[in-house]
**Q** 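Take a look at the following structure, please.
Numbering starts at 1 and runs along the sequence shown. Everything quoted here is computed from the prediction, not taken from an experiment.
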Amino acid sequence: MTTTDVPPTTVRTTQLVVALATYRRPDELRGLLPALVEQLADVADLVGTAGVLVVDNDPEASARTLLEEWSGTAVRYVHEPEPGIAAARNRALAEAGTSGTLVFIDDDEVPHPGWLRALLDTQAATGAAAVAGAVVSAYDGELLPWVAAGDFFRRRRLPTGTPIEVAATNNLLLDLAVVTRLGLRFDAAFGISGGSDTLFTRQLTRSGAPMVWCDEAVVTDRVPTARLTPRWVLARAYRLGNSATRVDLVLAGTPRERLQAQSRGLARGAVRVAGGSARALAGLVTGRPRHQARGLRTAARGLGMAAGTVGLVYQEYRRRS
């Protein structure tokens with residue numbers, strides 16, 4: 001399946017909104033907004049109306065002044081003071097309406113040429129309720145050899161059209177009519193911890209709505225130097241494991257299913273802690289950084305999974321005064 005399986009000038013959607021949540025990243029916004037306007041121009045033949053929606057999640061509305069420069073253009077600004085990425089994503093859903101197409105991108109990403117057209121083409125070719133694209137990383141500093149050996153920033157790549165069950169909102173198209181029909185929203189309980197997009201997309205696909213991959217729709221994620229450390233990448237692995245187990249518990253429909261989910265999470269977490277620790281130790285003894293780094297990543301994810309089964313929440317996005 002490719003994005004060329006539909007006529008090139010067929011209208012894909014009557015209304016398109018490209019949304020991004022932002023929190024105190026003015027420099028990133030200055031680079032991203034012109035790129036998104038170019039993307040809209042590239043798909044003008046495929047959509048009815050189109051625009052960019054910026055959801056400012058800073059209680060002080062720090063992006064407002066910057067966005068005044070875009071007044072009268074296809075870029076629209078709204079202020080969502082409630083802290084947490086889930087609140088910002090829900091505001092985007094509310095502003096986008098109940099029909100048409102919503103595309104999420106992060107404020108620290110830059111789309112590649114043809115990104116938006118590829119998402120729309122794939123949705124038209126497959127009829128999917130959601131389409132997720134690829135994310136590649138670019139680094140603001142040099143990777144430490146240990147971090148590079150662990151492949152901490154490598155993300156999945158799949159053939160276009162591959163069905164998937166879960167995705168992040170850093171590169172995601174949604175059919176708003178399907179989202180509205182299912183009554184889906186991002187869970188505020190994951191607003192500070194992260195993982196609300198994992199729960200949202202799993203709820204979407206569990207309902208029977210198809211979600212597919214588009215490998216031609218690529219964005220680059222700018223990774224700041226603060227995230228290029230062993231401490232940060234292992235904390236992220238812990239958080240991902242923590243969120244995954246918490247999502248499983250939310251999706252459990254009955255007390256019995258919840259108990260089963262807890263047991264699975266604890267067992268899987270323990271296996272990862274044991275196996276990852278053994279691999280890390282072997283890597284240390286044999287002087288192989290890849291085994292050491294990947295083993296610690298597995299163990300950290302396992303610890304997060306186990307913690308999630310007993311209600312411990314790692315708040316990765318907690319704001320410090």
**Q** Quick one: do the Q15 and S99 side chains pair a donor with an acceptor below 3.5 Å?
**A**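 The criterion, which ignores hydrogens and geometry beyond distance, is not satisfied for S99 and Q15.
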
**Q** Are any non-hydrogen side-chain atoms of T49 and L16 less than 4.5 angstrom apart?
**A**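 Of all side-chain heavy-atom pairs linking L16 with T49, none is under 4.5 Å.
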
**Q** So, for A217 and N171, which heavy atoms are closest and what is the spacing to 0.1 Å?
**A**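 Closest approach of A217 to N171: O-ND2, 3.0 Å.
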
**Q** Does either side chain, that of W115 or that of D42, offer a donor lying less than 3.5 Å from an acceptor on the other one?
**A**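 No donor-acceptor contact under 3.5 Å links the two side chains.
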
**Q** Could you give all pairs that pass the side chain to side chain donor-acceptor pair (under 3.5 Å) test and reach residues 270-284, with sequence neighbours left out?
**A**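 Counting only pairs at least two positions apart or across chains, the side chain to side chain donor-acceptor pair (under 3.5 Å) contacts touching residues 270-284 are R279-H291.
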
**Q** What is the distance from atom CZ of R268 to atom OG of S263, rounded to the nearest 0.5 Å?
**A**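 With rounding to 0.5 Å, CZ (R268) is 11.0 Å from OG (S263).
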
**Q** Do you reckon F190 sits in the same ILVMFWY cluster as Y238, going by side-chain contacts under 4.5 Å, direct or chained?
**A**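 Hydrophobic grouping puts F190 apart from Y238.
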
**Q** Measuring from atom CG of D187 to atom CG of D197, what distance do you get when rounded to the nearest 0.5 angstrom?
**A**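 Spacing of CG (D187) from CG (D197) equals 12.0 Å.
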
**Q** Would you confirm whether the ring centroid of Y139 sits within less than 6.0 angstrom of the ring centroid of F153?
**A**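 Yes - the distance between ring centres of F153 and Y139 falls below the 6.0 Å cut-off.
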
**Q** For the residue pair V37 and V75, establish whether any side-chain heavy-atom pair is separated by less than 4.5 Å.
**A**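 Yes - at least one pair of side-chain heavy atoms lies under 4.5 Å apart.
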
**Q** If you look only at pairs with a residue in residues 123-147, which of them pass as a salt bridge (charged side-chain N to carboxylate O under 4.0 Å, His left out), with sequence neighbours excluded?
**A**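 Listed once each, the pairs are D140-R222.
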
**Q** Do R76 and E95 meet the salt-bridge criterion of a basic N to acidic O distance under 4.0 Å?
**A**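 Yes, E95 and R76 are salt-bridged.
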
**Q** To the nearest 0.5 Å, how far apart are OG1 in T201 and CG in L184?
**A**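 Interatomic distance, T201 OG1 to L184 CG, rounded to 0.5 Å: 10.0 Å.
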
**Q** On a heavy-atom basis, which atom in A132 and which in A167 lie closest, and how many Å separate them?
**A**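 Looking at all heavy atoms of both residues, the shortest contact is CB-CB, 3.8 Å.
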
**Q** Show me the pairs that pass side chain to side chain donor-acceptor pair (under 3.5 Å) and involve residues 247-261, at least two apart or across chains.
**A**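 As it turns out, the side chain to side chain donor-acceptor pair (under 3.5 Å) pairs with a partner in residues 247-261, which skip direct neighbours, are R202-D248.
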
**Q** Could you check L116 against V18 for side-chain contact (heavy atoms from CB on, under 4.5 Å), going step by step and ending with a plain yes or no?
**A** CA-CA 9 Å; L116 194 51; V18 178; 4.0 Å; yes

**Q** Between the side chains of T98 and T180, does any donor sit under 3.5 Å from an acceptor?
**A**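 T180 and T98 do not have a side-chain donor-acceptor pair below 3.5 Å.
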
**Q** Does the pair L46 and T13 meet the rule for a side-chain contact (heavy atoms from CB on, under 4.5 Å), with working shown?
**A** CA-CA 7 Å; L46 304 182; T13 183; over 6 Å; no

**Q** Considering only heavy atoms from C-beta outward, does the side chain of E109 approach that of N170 to under 4.5 Å?
**A**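 E109 vs N170: side chains touch.
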
**Q** Are side-chain heavy atoms of L33 and V54 found at a separation under 4.5 Å?
**A**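 Answer yes - side chains close enough.
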
**Q** Salt-bridge test for D151 and R297: reply yes if a basic N is under 4.0 Å from a carboxylate O, no otherwise.
**A**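 Result for this pair is no, no salt bridge flagged.
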
**Q** Would a 4.5 Å heavy-atom cut-off, applied to side chains only, mark P230 and V147 as touching?
**A**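 Yes. Closest side-chain heavy atoms under 4.5 Å.
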
**Q** So if you build clusters from Ile, Leu, Val, Met, Phe, Trp, Tyr with side-chain heavy-atom gaps below 4.5 Å, do W232 and Y23 land together?
**A**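 No; tracing contacts between hydrophobic side chains, which count when under 4.5 Å, never links both residues.
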
**Q** Shortest non-hydrogen contact from V136 to R157?
**A**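 Reported closest heavy-atom pair: CG1-NH1, 3.7 Å.
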
**Q** Between S193 and R246, does any side-chain donor sit less than 3.5 Å from a side-chain acceptor?
**A**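 Yes - a donor-acceptor pair under 3.5 Å links their side chains.
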
**Q** Show the numbers, then the answer: is there a side chain to side chain donor-acceptor pair (under 3.5 Å) between Q123 and T101?
**A** CA-CA 10 Å; Q123 198 279 333; T101 304; 5.7 Å; no

**Q** So which heavy atom on L251 is nearest to which on R206, and how close?
**A**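 Scanning both residues completely, I find the closest heavy atoms to be O-NH2, 3.3 Å.
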
**Q** Is it true that I85 and L53 fall in one hydrophobic cluster, defined by side-chain heavy atoms closer than 4.5 Å?
**A**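 Each belongs to a different hydrophobic cluster.
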
**Q** Does a side-chain heavy-atom distance below 4.5 Å link L234 with F152?
**A**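 Yes; the side chains approach each other to less than 4.5 Å.
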
**Q** Going by side chain to side chain contact (heavy atoms under 4.5 Å, CB included), name the residues that satisfy it together with A63, two or more places apart in sequence or in a different chain.
**A**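 Side chain to side chain contact (heavy atoms under 4.5 Å, CB included) check on A63 returns T22, L29, D56, L67, Y77.
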
**Q** Flag this pair as yes if the NZ/CZ of R89 is under 6.0 angstrom from the six-membered ring centre of F186 and inside a 45 degree cone about the axis; otherwise no.
**A**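 Yes.
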
**Q** Minimum heavy-atom separation for L174 and A130, please, with both atom names.
**A**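 Answer, listing the atom of L174 first, then A130: CD2-CB, 3.9 Å.
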
**Q** Could you report the tightest heavy-atom contact between P111 and I105, atom names first, then the distance?
**A**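 Looks like CD-CD1, 4.1 Å.
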
**Q** Kindly work out whether a path of hydrophobic side-chain contacts (I/L/V/M/F/W/Y, heavy atoms less than 4.5 Å apart) joins L20 to L173.
**A**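 Hydrophobic grouping puts L20 with L173.
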
**Q** Which residues pass the salt bridge (charged side-chain N to carboxylate O under 4.0 Å, His left out) test with R155, not counting sequence neighbours?
**A**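 Salt bridge (charged side-chain N to carboxylate O under 4.0 Å, His left out) check on R155 returns D221.
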
**Q** Kindly state each residue pair satisfying side chain to side chain donor-acceptor pair (under 3.5 Å) with at least one member in residues 298-311, sequence neighbours excluded.
**A**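 Of all non-adjacent pairs touching residues 298-311, none passes side chain to side chain donor-acceptor pair (under 3.5 Å).
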
**Q** Side-chain heavy atoms nearer than 4.5 Å, only ILVMFWY residues, links allowed to pass through others: does that put M211 and L182 together?
**A**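 Yes, it is one cluster - the side chains of M211 and L182 are joined through contacts under 4.5 Å.
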
**Q** What I'd like to find out is whether the side chain of L120 reaches to under 4.5 Å of the side chain of V103, using heavy atoms alone.
**A**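 The answer is no; the side chains never approach within 4.5 Å.
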
**Q** Quick one: does V166's side chain get under 4.5 Å of T205's, heavy atoms only?
**A**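 V166 vs T205: side chains apart.
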
**Q** How about R288: does its CZ atom have over 12 heavy atoms from other parts shown lying under 6.0 Å from it?
**A**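 No.
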
